[in-house]
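Values below: all heavy atoms of this structure, side chains included; hydrogens, waters and symmetry mates excluded. Order of listing sets the numbers, starting from 1, for every ligand and every atom in it. Small disclaimer: the values here were computed from a predicted structure and weren't measured.
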Amino acid sequence: MTDDRRAELAANLAGVQERIAAACAAAGRPREEVTLIVVTKTYPASDVRILHGLGVRHVAENRDQDAAPKAAACADLDIHWHFVGQLQTNKVRSVAGYADTVQSVDRLRLVTALSKAAVRAGREITCLVQVALDAESGQGERGGVAPDGVAELADAVAGSPGLRLGGLMTVAPLRGPYAGRQQAAFERLMESSSRLRADHPAANMVSAGMSADLEQAVAAGATHVRVGTAVLGVRPRLG
Ligand SMILES: *Cc1c(COP(=O)(O)O)cnc(C)c1O
């Protein structure tokens, strides 16, 4: 059973690696510019262990209830854990215990809470500001801050003890002017990234692209792609 699962994950992973390599080649970008993050939400810690054995070092989760026990079960592995889900402040202390990067920073209250928790845990957490390209102002439906709110949040992260400003993240919008236009959405994110880097040159991470649209993300300039389904299979439940 485990051998079967290993073979399945190995084949899927190879397929995704090929897609990333092809997308980099098409964009004239070196392959090393793009980091694959495997999104293991809804799948067990045993899959994380198999993926680690296959060379995966970046893993993402979107719910603390699932992520905390999984990270604990894999504490012996050198894995960089990314938190990519909407994050409530009452979960921040738990998330700060295992997450190396939080990609879904979208409001000031969260920055304050993360900073406090990181300091308390004696850890440094890399933060990405999640940009909602479907929001005119305020927050997006699936989390994220409207583009005009990015600078304020980025400055707050950069000025907070225990936090390091890594860059930006987005999820291609299902509604609004960018619905069905992933490449345009990711190019818009890159504009925000350029603006951000003018003030924070080290904040050069751009996390965009999932199983269905990683090619468009790589073409636009993403440095990190977050792939779940294409590696692990269709999720047993919504996650
Ligand atoms: C689930 C998830 C992914 C991966 O999506 P797939 O379509 O399964 O590749 C990427 N990013 C976020 C924020 C997610 O929640």
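The shortest N or O to N or O distance between Val227 and ligand 1 is not under 3.5 Å.
For the residues Ser211, Ala212, Ser104, Gly233, the heavy atom positioned nearest atom 9 (O) of ligand 1 is part of Ser211.
Residue Thr229 has at least one heavy-atom neighbour below 4.0 Å for each of these atoms of ligand 1: 6 (P), 7 (O), 8 (O), 9 (O).
The side chain of Val39, and not its backbone, has at least one atom closer than 4.0 Å to an atom of ligand 1 (non-hydrogen atoms only; side chain from C-beta on). If you look at Gln103 next to ligand 1, there are no close heavy atoms at all, none under 4.0 Å.
The CE atom of Met205 sits 7.5 Å away from the OG1 atom of Thr35 when rounded to the nearest 0.5 Å. Put simply, CZ on Arg19 and CD on Gln17 are 11.5 Å apart, with the number rounded to the nearest 0.5 Å.
Residues Val95 and Asp64 form a side-chain contact, since some pair of their non-hydrogen atoms from C-beta on lies under 4.5 Å apart. Annotation: side chain of Lys70 is in contact with side chain of Val48 (closest heavy-atom distance under 4.5 Å).
Between His58 and His82, the two ring planes are tilted [angle within 30° to 60°].
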